[in-house]
Amino acid sequence: MSKGGKSDQEDGEENMVAWLVGLNTLKIQPFKLPPLGPHDVRVGMKAVGICGSDVHFFKALRLADYVVKEPMVIGHECAGIIEETGSEVKDLVPGDRVALEPGIGCWRCDLCKEGRYNICPDMKFFGLPSSTISWFSCSSVHPAYLCFKLPDNVSLEEGALCEPLSVAVHACRRGNISPETNVLVMGAGSIGLVTLRAARAFGAPRIVTVDVDGNRLSVAKELGADGVVEVSTNMQDIPKEVETICNVMGAKVDVSFDCAGLSKTMSTALSVTRAGGKVCLVGLGHNEMTVPLTPAAAREVDVIGVFRYKNTWPLCIELLRSGKIDVKPLITHRFGFSQKEIEEAFETSAGGGNAIKVMFNL
């Protein structure tokens with residue numbers, strides 16, 4: 001018997017999970033939970049967000065080098081309630097509300113030992129083709145050390161958004177954002193908007209957001225952007241758009257965050273960032289890009305990769321608890337966990353429009 005008492009769902013019993021079985025095709029089907037280990041917890045899923053990577057897999061069956069070759073389970077933004085704990089778990093009990101970090105490092109490689117477990121080559125990350133674990137499900141088994149208790153004033157939906165917020169916090173750490181850093185955010189999707197909020201919480205005095213969608217720029221303005229610039233998708237427009245961005249910023253751009261990861265957004269960021277500044281590549285829109293790297297190198301503009309996150313959940317939860325960051329306005333649509341609703345939810349998220357963050361309430 002586990003520390004949490006006898007389970008209502010014995011190890012190996014079937015659990016209902018959303019499977020990606022083909023292009024634009026999701027099916028709720030059974031999935032057997034792994035046994036509960038002594039250092040694990042079983043969590044009842046309550047809030048799960050749709051990430052841009054989930055949409056990429058849904059619409060194209062691939063994202064960067066990750067290719068879907070067989071049915072896979074998706075989902076990695078979640079929070080839930082502890083249902084059962086392993087015998088060695090000391091700091092969590094059934095009934096605790098938790099946010100879950102989805103990446104499990106090997107803790108044997110040099111990168112893990114250095115604390116950079118986010119780039120562990122043997123990382124087990126939920127919601128990838130190599131993973132057989134998903135959080136678009138009723139329950140999940142997860143290591144207790146990756147489950148973070150939520151304060152009473154932080155909702156389960158906010159807890160689920162600790163995952164995209166962690167991307168932004170990690171990006172701000174990589175970019176050394178401070179009260180002396182003027183920030184440009186390329187892209188006003190959910191990651192771009194939460195990066196805007198995180199940069200402000202880190203003290204950035206002036207933030208400008210750029211996007212091709214005027215509606216999303218209106219949201220960015222509501223969320224605190226000091227200025228917004230609507231741009232085209234035409235590479236030839238970059239010189240005049242760089243000039244406009246500089247005018248709207250009213251100062252030099254110290255750090256740019258490319259939250260789209262396209263040739264044009266990266267080229268714009270490299271061109272507009274001041275000599276000696278930083279460009280952080282956060283988005284993974286294109287696997288390969290053509291960018292003006294040589295002129296940027298001649299100005300010693302540092303290009304910094306940002307991949308997932310490390311040791312961010314405690315800070316994210318504190319930023320939410322203290323009110324320094326409010327992620328609630330990012331949630332634009334909510335759905336239940338049924339076959340009909342998961343189909344509607346993914347089409348809504350993939351369709352863009354006014355959808356920013358689509359959330360499942362299980």
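When reading the values below, keep in mind they use all heavy atoms of this one structure, side chains included, and skip hydrogens, waters and symmetry mates.
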| Side chain of T181, backbone of P179: donor and acceptor closer than 3.5 Å? | no

| What's the spacing between F57 CZ and L20 CG if we round to 0.5 Å? | 9.0 Å

| remark: Taken to the nearest 0.5 Å, the spacing of T195 OG1 from H170 NE2 works out to 11.5 Å

Given a cutoff of under 4.5 Å between side-chain heavy atoms of I, L, V, M, F, W and Y, with clusters grown through shared members, what are the other residues clustered with [X]?
X	value
V228	L217
I304	none
V208	L184, M186, V210, V212, V229, V231, M235, I238, V242, I245, V248, M249, V253, V272

Under the side-chain hydrogen bond (donor to acceptor under 3.5 Å, both in side chains) test, which residues partner [X], sequence neighbours left out?
X	answer
N24	K59
E344	K340
S232	D237, E241
N247	none

Which residue pairs pass the ring pair (Phe, Tyr, Trp, His ring centres under 6.0 Å) test with at least one member in [range], sequence neighbours excluded?
range	result
residues 318-361	F58-F346, F136-F346, F136-F360
residues 91-112	W107-Y117
residues 271-310	Y309-W313

Should the heavy atoms of other residues, nucleotides or ligands under 6.0 Å from [atom1] of [X] be counted, would the total exceed 12?
X	atom1	answer
N153	CG	yes
E230	CD	yes
R116	CZ	no

| query | Would F126 and H142 count as a close aromatic pair, with their ring centres under 6.0 Å? | reply | yes

| field | Heavy-atom side-chain proximity of L165 to I325 below 4.5 angstrom | value | yes

| query | Does the side chain of S140 come within less than 4.5 Å of R42's, by heavy atoms? | reply | no

Which donor-acceptor pairs under 3.5 Å do the side chains of residues 273-282 make with protein atoms, sequence neighbours left out?
residue: T273; atom: OG1; partner: S256; partner atom: OG; Å: 2.8
residue: T273; atom: OG1; partner: A269; partner atom: O; Å: 2.7
residue: R274; atom: NE; partner: D254; partner atom: OD1; Å: 2.6

| request: Decide whether I82 and L362 are clustered together by the hydrophobic rule: side chain heavy atoms of Ile, Leu, Val, Met, Phe, Trp, Tyr closer than 4.5 Å, transitively. | output: yes

| remark: Here the side chain to side chain donor-acceptor pair (under 3.5 Å) pairs for residues 352-362, sequence neighbours left out, are E77-K357, E157-N361

| task | Indicate the ring-plane relationship of H76 and F125, choosing parallel, tilted or perpendicular according to the 30° and 60° boundaries. | result | tilted

